[in-house]
Amino acid sequence: MEALRAEGLEKRYGEGETEVWALRGVDLLLQSGKVVALLGPSGAGKSTLIKVLGLVTHADRGDLWMNGERVLEGGRPVADVGELRRSHLGFVFQKANLIPFLNARKNVEVACEIGERYSPGKRAAELLAYLGVGHRADAYPSMLSGGEQQRVAIARALANGPSLILADEPTAALDRDRGRAVMDLLRRVAHEQGTAVVVVTHDHRALDVFDATYEMEDGRLSGPNLAA
Amino acid sequence: MNLAFQDIRHHLGRFVATSVVVGLLFAVVLAMSGIYQGLVDDATVLVHRVNADLWVVQQGTRGPFADPSRLDPSLELRVAAVPGVQSARAFTTQVLQRDRGGRQLRFALVGLSFPEDRGEELDVVQGHAIRQAHGELLADASLGVAIGERLRLGRDEYSVVGLTRQLLASGGDAVVFATGADAQAILADDSSDALIAERERRLARLRDTDLGRSQPALEGLVVDPRWTFPAVAAPPIHAVLVNAAPARLDEVRDTLARWSDVTVWTRAEEERLVLQGMVEKARMQLGVFAAILVITSSLLLAAVLYNLTLEKTHDVAVLKLLGARATRIMALVVEQAWATAILGYAVALALGSQAFPYFPRRVVLTETSVVGVGVLLLVVSTLASVAGVAYAIRVDPGPVLES
């Protein structure tokens, strides 16, 4: 099933001599239940693509569909962005970005409350247990390790059963073992929950977890390179 | 889940500290408002309490508080004889400062027209009104004297027989009541040297008049203490207080106003004279200062709450990415600002109720000022947090979450 389709996405920053093309005619098709990597050097446009796909940044041109519904037309949103974030999108960043005054369980519960789709307490308990941090449910973010924080962040991203998770270098702040564990989790989420997962990464040691990889350079996307 | 409550619970120490600082700030605003009101109340409380319909004072003056007023004691009887007058009382007042055991006792001495006026209408809270023609005092509790305490004033000792509460002169000094005769005796208490000096002053004043220069023989009479030539004698009373039959008040006033040697003020006019004449500048000064304080405190509160809101920019960005509606984000910020304002208000009121009674001058908290400060806190906290969240909600969450 088609989770996301992008056609002709373009994004420029600056004007004149300072103009930089972050995205140049990017086309992308993602199927549900697949985990794909976005690779490329710094400044290639990976993070910009993630933000455009997540409706955090507007594109200058291009169209976007989520689950068959057109959400961007000519670079502008044509759907309720808030509603899309509540029901279709989940974000995981380099830093977990948990709300510091809520414990792990409440960080997930608040996302459930916002999504209004699941019973917050039950869903949070299930997700934390599923991601192996159920025993840390009452701990505040400052009491969690980096890996635990990212697991809670993934649980939060999954809170409303999104069709697409966008992860921007989720393992950059973790050591190799913890980074690998997070990548494995994202793969598991994609395959078991049927969620499409896009991961921006520089970590070439974990490429085996992805179903496909894309390369970005100077705003152009190439791929997919399918896993062997 | 109430996010504001969760945030407060997690950062309880910071929340309480901020609220206490806000409370201290607005306790000062309450104090200034109360000091202002206290000044106004103190200035008029004596006029209120003596409960006269009309104040008869020296012609052309705004006495007896805002302007010196000198009247012959016989005026009391003249006024009493006016049809419609129910009572006429002689009134004298003078501020005295006497040393007592190394402590300065400063008070306004008011003479009552005993036996008609014994001070029974002055709301005596302890002891009783004046019963004896000589030797008894009613004093305000703020003077720090007790029932039965004896004070030496002039050549005699006087016993405190009753205490009033918050009965102050316009300068904030406690008021002490004595019979008119005792008040006159206390005020006229001069040493022998003072009497000799007064005789010399009388002679000098007489010699400054045409009468004195043309009739030097009058000098013998002037130095006689029984002689009361108006140009040189001390004024015996300062005003006559009149109570009239309600239906005939205007008639009495018109009658007295026609007398060429007096001026008549109603109670409301007398209060206005006191406020405009005696405390106007102090009142304006305090009023301007109170206004500046209100503005400064409001700006400080707004800055504190605005900065607290900006500190939540990251959390707001997270909530936006989760798809939170604006009302939920607003609630996080505004409810917390309200909680800070409400706790700060409670601290201000608690602090005020405990500390204000120990202020040297009376601090009067009116319903208007208490409610007004509360409303001000709520309005400022709402505006500041709305302004803060309006900024935070426009922030692009992408860079915030990457930083």
Side-chain angles (χ1 to χ4, degrees), chain A residues 22 47-58 80-103 105-117 120-121 124 140-143 153 156-160 162 166 168-169 172-173 200, chain B residues 1-19 305 307-340 385 388-390 392-403:
Chain A
S47 292
T48 300
L49 178 57
I50 284 282
K51 285 185 207 163
V52 169
L53 296 180
L55 306 170
V56 175
T57 298
H58 291 171
D80 182 344
V81 173
E83 179 55 32
L84 288 170
R85 286 177 181 161
R86 284 191 287 274
S87 56
H88 287 300
L89 290 169
F91 294 91
V92 181
F93 291 89
Q94 180 178 331
K95 289 195 318 184
N97 284 316
L98 299 176
I99 295 175
F101 55 83
L102 299 179
N103 62 25
R105 182 175 55 243
K106 288 200 165 92
N107 261 285
V108 182
E109 282 180 3
V110 76
C112 294
E113 283 185 3
I114 290 168
E116 298 173 348
R117 196 164 166 187
Y140 284 90
S142 60
M143 300 153 67
R156 184 177 64 185
L158 286 169
N160 296 307
L166 301 165
D168 192 359
E169 302 195 44
V200 171
Chain B
M1 182 189 313
N2 185 307
L3 292 175
F5 172 73
Q6 296 291 338
D7 192 8
I8 288 170
R9 198 174 66 164
H10 190 67
H11 299 110
L12 192 59
R14 189 182 70 177
F15 168 72
V16 171
T18 305
S19 300
L305 293 177
N307 282 315
L308 281 177
T309 304
L310 294 192
E311 283 181 16
K312 298 190 194 310
T313 302
H314 178 270
D315 302 335
V316 169
V318 171
L319 290 169
K320 280 180 72 176
L321 282 184
L322 292 175
R325 291 182 170 85
T327 48
R328 189 176 188 110
I329 296 171
M330 290 279 289
L332 162 66
V333 175
V334 175
E335 286 173 6
Q336 200 162 346
W338 283 345
T340 305
S385 53
V389 84
I393 218 161
R394 285 198 307 270
V395 167
D396 179 2
V400 174
L401 297 174
E402 285 169 3
S403 62

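So that the names make sense, note that chain A is the first sequence line, chain B the second, and so on, each numbered from 1. These numbers come from a predicted model, not from an experiment.
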**Prompt:** Taking atom CD1 of A/Ile114 and atom CE of B/Met1, what is their separation to the nearest 0.5 Å?
**Reply:** 9.0 Å
**Request:** Heavy-atom pairs under 4.5 Å with chain B are the metric here; pick the option from A/Pro162, A/Pro100, A/Ala159 that has the most.
**Result:** A/Pro100
**Prompt:** With only heavy atoms counted, which part of B/Ile8 is less than 4.5 Å from chain A, the side chain, the backbone, both or neither?
**Reply:** neither
**Asked** Which atoms of A/Glu169 come close to chain B, meaning under 4.5 Å heavy atom to heavy atom: side chain ones, backbone ones, both, or neither?
**Response** neither
**Item:** Backbone of A/Leu55 reached by a side-chain donor or acceptor of A/Arg85 within 3.5 Å
**Value:** yes
**Fill in**
Hits for salt bridge (Lys or Arg N to Asp or Glu O under 4.0 Å) against A/Glu113, two or more places apart or cross-chain, chain-then-number order -> B/Arg328
**Message:** Give the interface residues of residues 332-340 of chain B toward chain A, defined by a heavy-atom separation under 4.5 Å.
**Reply:** B/Leu332
**Message:** The criterion is side chain to side chain contact (heavy atoms under 4.5 Å, CB included); which residues satisfy it with B/Arg9, sequence neighbours excluded?
**Reply:** A/Lys106, A/Tyr140, B/Phe5, B/Gln6
**Request:** For B/Lys312, check salt bridge (Lys or Arg N to Asp or Glu O under 4.0 Å) against everything at least two apart and list the hits.
**Result:** B/Asp7
**Complete:** Tightest non-hydrogen contact, residues A/Ile99 and A/Pro141, listed as O-CG, 3.6 Å
**Message:** Looking at A/Asn160, is its backbone amide N or carbonyl O close enough to the side chain of A/Arg117 to form a donor-acceptor pair, meaning the two atoms are under 3.5 Å apart?
**Reply:** yes
